[in-house]
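The basis for the numbers below is simple: all heavy atoms, side chains too, and nothing from hydrogens, waters or symmetry mates. Chain letters run A, B, ... following the sequence lines, proteins first, then strands; residues in each count from 1.
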Protein chains: 2
Amino acid sequence: MKIGPMKIGELSRRTGASIRSLRYYEEQGLLAPERLSSGYRVYDDRSVATVHRIRVLLSAGLGTSAIAEILPNVYDDSVVLTGRCPELHEGLAVERARITQQIEDLQAAREILDSLIGRPLVITAQ
Amino acid sequence: MKIGPMKIGELSRRTGASIRSLRYYEEQGLLAPERLSSGYRVYDDRSVATVHRIRVLLSAGLGTSAIAEILPNVYDDSVVLTGRCPELHEGLAVERARITQQIEDLQAAREILDSLIGRPLVITAQ
DNA sequence: GTTGACTCTCACGTCAATGTGAGGCTTTAG
DNA sequence: CTAAAGCCTCACATTGACGTGAGAGTCAAC
């Protein structure tokens, strides 16, 4: 039982992303797997973490093009590499502000729901 | 300069929602304006607050159908009316959990961005 | 070797909120 | 009275991240 290279099905299983999504991420420049002579995609282990980051950022409302600008600058978890690229830096700040605003909107919405449920207000988590 | 009834243009101005959106909200059962004999929509002042709530809930990711279930139970700001309607209550709890999860996802995404920006972590707001 | 699981590339479908334009009434200001 | 501005109802277009199916090649096990 040779282990063999990680193909798209296994990456899908490991990340929870659908095969379709993984192909889509590649199409958008977020992943760049090797190819076997058969045309099959081959991923390395770093791809798993990359896909996880992609999903986090996507669920935060970032578009694939924004993520494409960010990803190349993240080599492993939480390492700062964005030395002095002011353009990127500004774009990130914009996205960050959007996220912060979105969090506040969500908290406002949650309070509306809480007022209906009759739950004690302002529980920070859960 | 008679004041006259509030028509769709004025409601749009007062709420920031586009005219198209206001018609859409009505189509989805979120608004039920009166009509003049001409067919023109007429709104009362409560509509302004209603539209604001709609927008908050929409931006929180609730669908119009979910909002349609919620809105009739909100008479003014933050009044609990959901006496004992377990079905609604459960639906709200589901949405609330979704929102809480979404907030956590956003915070995770913000930390990824922070690690790139090089900003001090864990600033709760702003 | 053959079957079945896996993969490939198109390429069109989906969903939700909203944009946009056509064609035609109604109201308002002058 | 008339023109401009506002409103009406269709109804098709848009955006983004996928779903889904067709048709065909590839790999693993038996």
Side-chain angles (χ1 to χ4, degrees), chain A residues 1-43 47 50-69 71 95 98 102 105 109, chain B residues 1-43 47 50-69 71 95 98 102 105 109:
Chain A
M1 44 165 72
K2 206 171 28 175
I3 292 191
M6 174 163 54
K7 287 176 288 187
I8 201 169
E10 190 181 346
L11 182 59
S12 172
R13 263 170 262 130
R14 285 201 196 172
T15 59
S18 72
I19 290 177
R20 175 65 172 96
S21 294
L22 295 175
R23 294 205 187 105
Y24 176 70
Y25 300 156
E26 176 179 358
E27 184 186 311
Q28 301 298 306
L30 308 184
L31 289 173
E34 302 292 315
R35 296 286 187 136
L36 297 179
S37 54
S38 58
Y40 283 21
R41 277 163 258 251
V42 174
Y43 301 90
S47 303
T50 300
V51 171
H52 282 135
R53 275 190 295 264
I54 291 172
R55 310 222 98 202
V56 167
L57 293 172
L58 274 180
S59 78
L62 297 224
T64 51
S65 61
I67 299 177
E69 293 177 2
L71 273 188
E95 295 291 359
R98 238 191 16 74
Q102 177 75 7
D105 290 350
Chain B
M1 42 166 71
K2 204 168 30 174
I3 291 189
M6 176 162 54
K7 284 174 292 188
I8 200 169
E10 190 182 345
L11 181 59
S12 172
R13 263 170 262 130
R14 284 200 195 174
T15 59
S18 72
I19 291 177
R20 176 67 173 91
S21 293
L22 295 175
R23 295 204 186 105
Y24 176 70
Y25 299 157
E26 176 180 355
E27 184 185 312
Q28 300 300 305
L30 309 184
L31 288 174
E34 302 293 314
R35 297 287 186 135
L36 297 179
S37 53
S38 59
Y40 282 22
R41 276 164 259 252
V42 174
Y43 301 90
S47 302
T50 299
V51 171
H52 281 135
R53 275 189 295 262
I54 290 172
R55 310 223 99 203
V56 167
L57 294 172
L58 274 180
S59 78
L62 297 224
T64 50
S65 60
I67 300 178
E69 293 177 1
L71 272 188
E95 294 291 359
R98 240 192 13 76
Q102 177 74 7
D105 290 349

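Residue L57(B) contributes atom CG, which lies 12 Å from atom P of dA17(C) at whole-angstrom precision. Rounded to whole Å, the distance from CD on E26(A) to P on dC10(C) is 12 Å. Atom CZ in R35(A) sits about 14 Å away from atom P in dT26(D), given to the nearest Å. Taking atom CG on L30(B) and atom P on dA17(C), their separation rounds to 9 Å, with Å as the unit.
For the salt bridge (Lys or Arg N to Asp or Glu O under 4.0 Å) test, residues two or more places apart in sequence or in another chain that qualify with E10(A) are R14(A). Applying the salt bridge (Lys or Arg N to Asp or Glu O under 4.0 Å) rule to R13(B) yields no partners; only residues at least two apart in sequence or on another chain are considered. Partners of S38(B) according to the side chain to side chain contact (heavy atoms under 4.5 Å, CB included) rule, which considers only residues two or more places apart in sequence or in another chain, are L36(B), Y40(B). T15(B) pairs by the side-chain hydrogen bond (donor to acceptor under 3.5 Å, both in side chains) definition with nothing, not counting sequence neighbours. By the side chain to side chain contact (heavy atoms under 4.5 Å, CB included) test, S47(B) is found to be paired with L11(B), Y43(B), D44(B), residues two or more places apart in sequence or in another chain being considered.
Within 4.0 Å of R41(B), counting heavy atoms only, lie sugar-phosphate atoms of the nucleic acid but no base atom.
A salt bridge links E95(B) to R98(B): one of the charged nitrogens lies within less than 4.0 Å of a carboxylate oxygen.
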Please list, for nucleotides 24-27 of chain C, all pairs of protein and nucleotide N/O atoms separated by less than 3.5 Å.
from	atom 1	to	atom 2	distance (Å)
dT26(C)	O4'	Y40(B)	OH	3.4
dT27(C)	OP1	S38(B)	OG	3.4

Might you list the N or O atoms of the protein lying below 3.5 Å from N or O atoms in nucleotides 1-3 of chain D, with each pair's distance?
none

In residues 56-67 of chain A, what donor-acceptor pairs under 3.5 Å come from side-chain atoms, sequence neighbours left out?
from	atom 1	to	atom 2	distance (Å)
S59(A)	OG	R55(A)	O	3.4
S59(A)	OG	V56(A)	O	2.9
T64(A)	OG1	Q28(A)	OE1	3.2

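Each end of the helix from dG1(C)-dC30(D) to dG30(C)-dC1(D) yields a helix axis from five base pairs, and these two axes differ in direction by 10° (to the nearest 10 degrees).
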>> Return a single string for nucleotides 17-23 of chain D, one symbol per nucleotide in 5' to 3' order, where B is base contact, S is sugar-phosphate-only contact and - is none, cutoff 4.0 angstrom on heavy atoms.
In response: BBBB---
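Distance check: E34(A) CD to R41(A) CZ gives 12.5 Å after rounding to the nearest 0.5 Å.
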